[in-house]
Amino acid sequence: MEKVLSHFDETGNARMVDVGAKADTEREAIAAGSVHMSREAFDKVKAGSIGKGDVLGIARIAGIMAAKNTDQLIPLTHTLLLDKVEISFSFTEDECAVLIQSVVRCLGKTGVEMEALTAVSVAALTIYDMCKAVDRGMVVRDIRLLSKSGGKSGIYQAR
């Protein structure tokens, strides 16, 4: 069965999908990504000694704000009343990377995948912005959806 791209009408024009007739369901999406950096930048982020301030604290707030404003950033996404946005960070010593994960939840008519992905993306860009004086060669990688639940399509789990 061929998947239909729902953001286009029968003549190929972009449109916002009508979700009015859909039932509200509990929806959750989990996304992840990473920022790879020099050993110097990595050690400073871990120690909290980047001159601009609390890198991960500010990146967390930026990610939450981004999730809440996804409809203003990505055309055709719906305005959603989010119940939860959680951003967490971990470190991989061998790769000098900050790993980012977001969990977004709502009760609604459409999914929160874009909100979770946007949260991770903006958190990663905030880390880059706050650390660029130490390392302009940082690389943002692997932003992806890990899982989603709710709605007609059910559960998705990345392989």
Side-chain angles (χ1 to χ4, degrees), residues 5-7 14 16-17 19 26-151 153-159:
L5 297 176
S6 58
H7 284 91
M16 187 174 190
V17 175
V19 297
E26 290 285 339
R27 296 169 182 269
E28 180 180 88
I30 302 173
S34 58
V35 182
H36 297 253
M37 58 190 68
S38 68
R39 172 57 63 185
E40 179 187 7
F42 181 77
D43 289 342
K44 286 178 181 270
V45 169
K46 280 184 63 181
S49 62
I50 292 285
K52 285 188 172 183
D54 178 8
V55 172
L56 300 183
I58 293 169
R60 179 176 289 111
I61 296 296
I64 292 167
M65 289 175 63
K68 292 172 59 173
N69 290 290
T70 298
D71 64 315
Q72 295 173 39
L73 299 169
I74 300 176
L76 309 179
T77 58
H78 291 82
T79 302
L80 298 176
L81 180 59
L82 302 180
D83 297 323
K84 175 183 182 172
V85 179
E86 181 178 285
I87 311 287
S88 59
F89 303 99
S90 58
F91 300 100
T92 59
E93 288 287 334
D94 58 326
E95 295 182 34
C96 293
V98 178
L99 307 179
I100 307 160
Q101 182 171 295
S102 70
V103 178
V104 180
R105 207 176 285 146
C106 81
L107 175 66
K109 297 176 184 293
T110 188
V112 290
E113 297 92 349
M114 295 312 301
E115 287 73 13
L117 289 162
T118 300
V120 168
S121 299
V122 171
L125 292 173
T126 301
I127 291 169
Y128 184 97
D129 181 53
M130 293 193 70
C131 298
K132 69 185 179 210
V134 177
D135 178 13
R136 290 196 186 271
M138 289 174 283
V139 177
V140 175
R141 287 191 190 154
D142 304 321
I143 295 172
R144 66 210 179 276
L145 182 67
L146 297 178
S147 66
K148 76 92 166 163
S149 62
S153 64
I155 295 172
Y156 165 80
Q157 188 72 41
R159 297 174 215 160

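Heavy atoms only: backbone and side chains are in, while hydrogens, waters and symmetry mates are out. These numbers were taken from a predicted model, which means no experiment stands behind them.
Counting only heavy atoms from C-beta outward, the side chains of S102 and E115 never approach each other to under 4.5 Å. Here the side chains of V98 and F91 are in contact, with some heavy-atom distance below 4.5 Å. By the 4.5 Å heavy-atom criterion applied to side chains, T126 and V55 are not counted as neighbours. With a 4.5 Å cut-off on side-chain heavy atoms, V112 and R105 do not count as touching. Residues R136 and Y128 form a side-chain contact, since some pair of their non-hydrogen atoms from C-beta on lies under 4.5 Å apart. With contacts defined as side-chain heavy-atom distances shorter than 4.5 Å, the pair R27/L80 does not qualify. Under the 4.5 Å side-chain criterion, counting only non-hydrogen atoms from C-beta, I58 is not in contact with K52.
Taking every heavy atom of both residues into account, E26 and L107 meet most closely at N-CD1, 3.7 Å. Nearest approach of I143 to V140, heavy atoms of both residues: CD1-CG1, 3.7 Å. Here the closest heavy-atom approach between residue A97 and residue F42 is recorded as O-CE1, 3.3 Å. The minimum heavy-atom distance between C106 and L81, with the atom names listed, is CB-O, 3.4 Å. Looking at every heavy atom in both residues, F89 comes nearest to L56 through CE1-O, 3.3 Å. Between R144 and L117 the shortest heavy-atom distance is C-CD2, 3.5 Å.
Residue D71 holds its CG atom at 7.0 Å from CG of N69, rounded to the nearest 0.5 Å. Summarising the geometry, atom CZ belonging to R60 is positioned 10.5 Å from atom CD1 belonging to I100; distances are rounded to the nearest 0.5 Å.
Side-chain atoms of R141 do not come within 3.5 Å of backbone N or O of S34 as any donor-acceptor pair. Side chain of D135 to backbone of S38: a donor-acceptor contact under 3.5 angstrom is found. Panel note: side chain K148, backbone G154; a donor-acceptor pair is recorded below 3.5 Å. Proximity of a side-chain donor or acceptor of T70 to a complementary backbone N or O of A66 within less than 3.5 Å is detected.
A search for salt bridge (Lys or Arg N to Asp or Glu O under 4.0 Å) contacts involving R39 returns D43, E93, not counting sequence neighbours.
Of the candidates L146, V120, I87, Q101 forms a side-chain contact (heavy atoms from CB on, under 4.5 Å) with just one, namely L146.
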